[in-house]
Amino acid sequence: MKLYDLKRILQISMHEWQRVFVTGSGRLTLLTFFAAWVLIFHYPIRTAVDLIANSSDAAVIRSVLGDLGFKQLLQWPVAELSVFWFAAMVLLPFTCVLLSSDQFASDRQRGTIKFYLLRARRSEFILGRFFGYASFFTLLLSVLVIITLIYSNWRDPRLLEQGLNQGLNTFFFLVIWMMSFIALTNFLNVIMPTGKKVLLILMLMYLVLPFFDYVFLSQWQIHLQSSLLLPGLGIFATIGEQGPELGNLVKPLLQSVVYLGLSLLLFRVRSLS
């Protein structure tokens, strides 16, 4: 007997695509996301070279980026991808969390989750919801990276080969990094009754855990390693001189596997009411 039915997982994944476009909160989040990226593409990315290297404010920008620990971005071969990376670090986590915060918590509260489980196993339902959001954001990221590469190639066709290599690395890194956020919200959906409470718990985790880490380290020299529980922390340490360092993907990969595994385990034994 097969452990999972891939067809049922795919059907559940496709249903998540519909939920993103049908629900009011999903459409509003997407509209805000695309509006922000239109502005980013219109000025910062389109004028990336002037912004980083040639403008009168370039010295100030380089100094600020260096002070913040982003000095490596200035050395990336394709300036447009440098600006894209920085913007993605700010916008993608918020979009991921807002869209995937209610993967199925409200369905369980309303009782509609029992209808879904008439046609699929609990494990298939969990995986379907996760891969639905993961595939959606993968497509979204691919479009954004392609548009960025078009801008860079338009400016200088000689950057095509470097841009493709750097663009593929950036795309691959962001996809893996983004999945850790989706896996965390998937796990919180198992233990929280609504999407709003998932968002509340997420905010508390990112506020409280680093604070406890700081207190324990400063008072008793004990490092709680809270960053292991929170996707995204320490992401800027992964900036390489030629693009994102793919060797730093171990942490987000482990976070995704652990949170998804916990979701599968807890959802099997948890009551649906």
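Along the sequence shown, residues are numbered consecutively beginning with 1.
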For residues 29-36, please give each side-chain donor-acceptor pair under 3.5 Å, one per line with the distance, not counting sequence neighbours.
residue : atom : partner : partner atom : Å
Thr29   : OG1  : Ser25   : O            : 2.8
Thr32   : OG1  : Leu28   : O            : 2.9

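- Not counting sequence neighbours, the partners of Lys197 by the side chain to side chain contact (heavy atoms under 4.5 Å, CB included) test are Met192, Pro193, Thr194.
- A pairwise comparison of heavy atoms in Tyr206 and Pro231 identifies OH-O, 2.5 Å as the closest pair.
- Residues passing the ring-ring contact (aromatic ring centres under 6.0 Å, His included) test with Phe212: none are found, sequence neighbours excluded.
- Taking the centre of each ring, Tyr133 and Trp17 stay at or above the 6.0 Å mark.
- Heavy atoms only, all atoms of each residue included: Cys96 and Met178 are closest at SG-CG, 3.0 Å.
- For residues 156-169, the set of pairs meeting the salt bridge (charged side-chain N to carboxylate O under 4.0 Å, His left out) definition, not counting sequence neighbours, comprises Asp156-Arg158.
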Item to check | Stepwise side-chain contact (heavy atoms from CB on, under 4.5 Å) test for Phe171 and Leu144 | outcome: CA-CA 9 Å; Phe171 168 74; Leu144 294 175; over 6 Å; no
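- Exactly one residue among Arg119, Arg8, Arg129, Arg268 makes a salt bridge (charged side-chain N to carboxylate O under 4.0 Å, His left out) with Glu124. That residue is Arg8.
- Without hydrogens or angle criteria, Arg270 side chain to Val190 main chain gives a donor-acceptor distance under 3.5 Å.
- The salt bridge (Lys or Arg N to Asp or Glu O under 4.0 Å) search around Asp213 returns none, not counting sequence neighbours.
- Scanning for ring-ring contact (aromatic ring centres under 6.0 Å, His included) contacts around Phe130 gives an empty result, with sequence neighbours left out.
- Contacts of Leu200 classified as side chain to side chain contact (heavy atoms under 4.5 Å, CB included), with partners at least two apart in sequence or in another chain: Met203, Leu204.
- The distance from atom CE of Met179 to atom CG of Leu174, rounded to the nearest 0.5 Å, is 11.5 Å.
- The side-chain hydrogen bond (donor to acceptor under 3.5 Å, both in side chains) analysis of residues 182-192, with sequence neighbours excluded, yields the pairs Ser100-Thr185, Gln103-Thr185, Gln103-Asn186, Asn186-Ser263.
- Considering all non-hydrogen atoms of both residues, Ala120 and Ile12 come closest at CB-CD1, 3.9 Å.
- Between Leu202 and Val198 the shortest side-chain heavy-atom distance falls below 4.5 Å.
- Judged as a ring-ring contact (aromatic ring centres under 6.0 Å, His included), and not counting sequence neighbours, the contacts of Phe41 are Trp37, Tyr151.
- Partners of Pro93 according to the side chain to side chain contact (heavy atoms under 4.5 Å, CB included) rule, which considers only residues two or more places apart in sequence or in another chain, are Trp177, Phe181.
- Looking at residues two or more places apart in sequence or on another chain, you find a ring-ring contact (aromatic ring centres under 6.0 Å, His included) between Tyr116 and His15, Phe125.
- Closest heavy-atom contact between Ile113 and Arg108: CG2-CA, 3.7 Å.
- Closest approach of Gly163 to Leu149, counting heavy atoms only: O-CD2, 3.1 Å.
- Contacts of Leu199 classified as side chain to side chain contact (heavy atoms under 4.5 Å, CB included), with partners at least two apart in sequence or in another chain: Val97, Leu98, Ser101.
- By the 6.0 Å contact criterion, CZ on Phe172 is open, its count of non-hydrogen atoms from other residues, nucleotides or ligands being 12 or less.
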Item to check | Worked verdict on Gln225 versus Leu228 for side-chain contact (heavy atoms from CB on, under 4.5 Å) | outcome: CA-CA 6 Å; Gln225 298 290 343; Leu228 297 178; 3.8 Å; yes
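- Counting all heavy atoms, side chain and backbone alike, Phe137 lies closest to Thr95 at CZ-O, 3.6 Å.
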